[in-house]
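Take a look at the structure below.
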Amino acid sequence: MAEPLFTRVDRPVGKLVGDVIEGRVGLPDLQRPFVWKDSDVRDLLDSMLKGYPIGYCILWEAPDDQEDKKSSIGLNDKSYSTPKELVIDGQQRLTALVSSLYGISVKDQTFSDRAIRIAYDPIAREFHTWDAAVEKDARYISDVSEAFRAKRDNEIVEFREDYIDRLNEANAKRELPALSPKERAAVENGINELLNLETTYVIPILSISNKADEEQMSQIFIRVNSGGTKLTEDDFIMTLLSVYEPQTRQRIEDWCEASRKPGTGTSYNALLTVKSSHVIRAAVGLGFGRGRLRYARLILNGRNLKTKETSAEQREKNFTKFDAALDKVLDLNDWHAFVNALGDAGYLNKGMISSENAIPLSYAISLIAKHRFGIAGMELQRVAKRWFYTAILTQMYSGNFESVFEQQLNAIDELSDADSFRAWVDSEISARLTDDFFGVTLPNEFDKNRASGPVWNAFLAAQVVLGSRVLFGTGTVAQLLLPASSGVKKAYDKHHVFPANFLKGGPFENLRDRRANFVCVDYQKNIYIKDEDPKVYVALFRQELGDDAYETSCRENALPIGFEDMDFPNFLAKRRVLMSEMIREAYLRL
């Protein structure tokens, strides 16, 4: 058996949390979105009070080969200028403890500051998430961090007496007796039990030696699955950035945060909630021609990707190259031009994006086209539109997407000039969007249940590109798909052409939810149509609009003329073909 790369160094909660507060232990999650609910934090404290296990924490002795580059992690002032250990597993649990016990705010999913307040009933020994009712209930210490603050300030006696006075006042208002000596003792014991968690509850800790090389550390990191959450390369990469390149990490975090909030001069967009992994993938793809996220981790460890040698000198070179690529990835002009190109391809809102990887990886291809091959302007927009349309329609970046992207980057590395790049793009697209794809694959996809998924979204995008209007309406599909058009309810509905209840109980009931039986309408018309026989509601609209407008509406919604008089299976067969042809027409328009 190989020599263990870890040692067991269990620590009481107070010691471990104190090390985080002082900066000895680096906890990057204090600056990242905290995904736990307050109820999760309540349950964590409850488990600790009852003596239940809460899982291991894994720490990594911070590498010491670039001591001058390391910096502190977190939001508060630190006693330690650099962390001695990094939290590899247990970040959410420790963030919960630091915030709830010390009153330090965390970032929520929108990167806004969030306070975690957990209340405690010292008599019943019960925790509760904070709310207005709890705040007014004298039974509760409304925020346990206040009890721990009083302990640190040697004011716990006063804190306890204030609690008892409030409870007695509340009892008097309800004409109840004051606390008995036994009840006062219960209060004291309950508060002491809470405060003693710092010293009596011991968290099991595995400390990974800094002698572990990058491959060993990576394997340990990826294989760890304590607490039920599998760690990712993204977690590891951001932890390393927190130590070695905090400015780079902050740039990435700021970009991700800005993408969530509308504003002028930011990365905000209506299509994707940008994650750090999206930015890192694009930067590594552009700067190093690599498609797997693990290469970013190797780069941060100083790996020369060609010689496979690792050194501090190489790490410096890699960071310089990574930062240069990051400058291009975070260029707002290029980013918004790319997002606008996706809009031109018909993709207008987040709900239409069935593969989040398609956006950052297509963006990387677009940046390579610009910065390596000098393709710009309208031609660059055309490359971006066609590539993304192909990627999202064929699910090119779903499943084993890293392998696909890696193969594409390897092929690009062999190209010599702009013409060869153009030819490669054309060949990649034509290999996927074949006659069989449009003539067989797509029609078969429209024969599946439910109006959802990439094929249905591609049909809506095609209607946007072609300027189609909603069924029997004057507004365009594009107008109804824009995020600003919807309020509490979406501005459009997916309507059954042959209504579901109309088909219910009939011979074709099992076919009613086929994709080819859906069409985009504004929700007022959906309410108007209800469950009518197509012959009935179409006759009403046809009388109101006239034959020409009726036929135009059918064409713009890929409906066969006279569909209302067709038997249902024949209608589905014809419409599947028409919907596929509309997607092909839109692609050719791009």
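Basis for what follows: all heavy atoms, side chains included, without hydrogens, waters or symmetry-related copies. All values reported here derive from a predicted model rather than from experimental measurement.
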Non-neighbouring partners of [X] that pass ring pair (Phe, Tyr, Trp, His ring centres under 6.0 Å), sequence neighbours left out:
X    : value
F518 : H496
Y363 : W335, F338
F446 : none
F373 : F421

Once side chain to side chain contact (heavy atoms under 4.5 Å, CB included) is applied, do any residues pair with Y52, and if so which ones, sequence neighbours excluded?
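Only S47, K50 meet the side chain to side chain contact (heavy atoms under 4.5 Å, CB included) criterion with Y52.
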I'd like to check the side chain to side chain contact (heavy atoms under 4.5 Å, CB included) partners of L332; sequence neighbours left out, ordered by chain and number.
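With sequence neighbours excluded, L332 shows a side chain to side chain contact (heavy atoms under 4.5 Å, CB included) to W255, S267, H336, given in chain and number order.
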Residues 350-361, side-chain donor-acceptor partners within the protein, below 3.5 Å, at least two apart:
unit_1, atom_1, unit_2, atom_2, d
K350, NZ, T273, OG1, 2.7
S355, OG, Y397, O, 3.4
E356, OE2, K275, NZ, 3.2
E356, OE2, H278, NE2, 3.3

Without swapping roles, check the side chain of [X] against the backbone of [Y] for a donor-acceptor pair under 3.5 Å.
X    : Y    : result
R297 : I237 : no
N349 : P483 : no
S99  : I104 : yes
N318 : I299 : yes
R260 : C256 : yes
R432 : T394 : no

Check the pair L393, Y587 against side chain to side chain contact (heavy atoms under 4.5 Å, CB included), reporting the backbone distance first and the verdict last.
CA-CA 10 Å; L393 176 58; Y587 167 71; over 6 Å; no
Is there a side chain to side chain contact (heavy atoms under 4.5 Å, CB included) between R281 and E402 once you walk through the steps?
CA-CA 10 Å; R281 286 188 190 282; E402 282 194 322; 2.7 Å; yes
Side chains of [X] and [Y]: closer than 4.5 Å at any heavy-atom pair?
X    : Y    : result
R290 : E406 : yes
T441 : T434 : no
V284 : L293 : no
V383 : S366 : no
D413 : R372 : yes
V339 : L272 : no
T390 : E428 : no
Q408 : V404 : yes

So, using side-chain hydrogen bond (donor to acceptor under 3.5 Å, both in side chains) as the criterion, who are the partners of R11 when residues are at least two apart?
D19, E85
Mind checking salt bridge (Lys or Arg N to Asp or Glu O under 4.0 Å) for [X] and listing every partner two or more places apart, or none if nothing turns up?
X    : result
D38  : R114
K448 : E445
K328 : none

Taking atom [atom1] of [X] and atom [atom2] of [Y], what is their separation to the nearest 0.5 Å?
X    : Y    : atom1 : atom2 : answer
M582 : L442 : CE    : CG    : 13.0 Å
L460 : I583 : CG    : CD1   : 9.0 Å
Q381 : L342 : CD    : CG    : 9.0 Å
D334 : L367 : CG    : CG    : 6.0 Å
R249 : D254 : CZ    : CG    : 9.0 Å
I116 : W36  : CD1   : CH2   : 9.5 Å

Evaluate the side chain to side chain donor-acceptor pair (under 3.5 Å) criterion for residues S403 and R292: first the C-alpha distance (whole Å), next the side-chain angles of each, then the deciding distance (0.1 Å), finally the verdict.
CA-CA 7 Å; S403 294; R292 300 180 188 276; 3.1 Å; yes
Between F288 and Y295, does the ring centroid distance fall short of 6.0 Å?
no
Classify the ring geometry of F319 against F322: parallel below 30°, tilted from 30° to 60°, perpendicular beyond 60°.
perpendicular
Could you go through Q314 and T310, starting from their C-alpha distance and side-chain angles, then the distance that decides it, and tell me whether this counts as side chain to side chain contact (heavy atoms under 4.5 Å, CB included)?
CA-CA 7 Å; Q314 186 63 46; T310 301; over 6 Å; no
Which pairs count as salt bridge (Lys or Arg N to Asp or Glu O under 4.0 Å) when at least one residue sits in residues 414-426, sequence neighbours excluded?
E379-R422, R386-D426, D419-R422
Which pair of heavy atoms, one from A391 and one from S362, lies closest together, and at what distance?
CB-OG, 4.0 Å
Lys/Arg N to Asp/Glu carboxylate O, D327 vs R251, below 4.0 Å
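Looking at D327 and R251, the cut-off is met.
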Carboxylate-amine/guanidinium contact D344 R589, below 4.0 Å:
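Looking at R589 together with D344, the answer is no, because their closest N to O distance does not fall below 4.0 Å.
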Judged by modelled atom types alone, do N449 and R515 share a side-chain donor-acceptor pair under 3.5 Å?
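Note: N449 and R515 side chains miss the donor-acceptor criterion.
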Determine, stepwise, if the pair L97 / L16 fulfils side chain to side chain contact (heavy atoms under 4.5 Å, CB included).
CA-CA 10 Å; L97 291 174; L16 183 56; over 6 Å; no
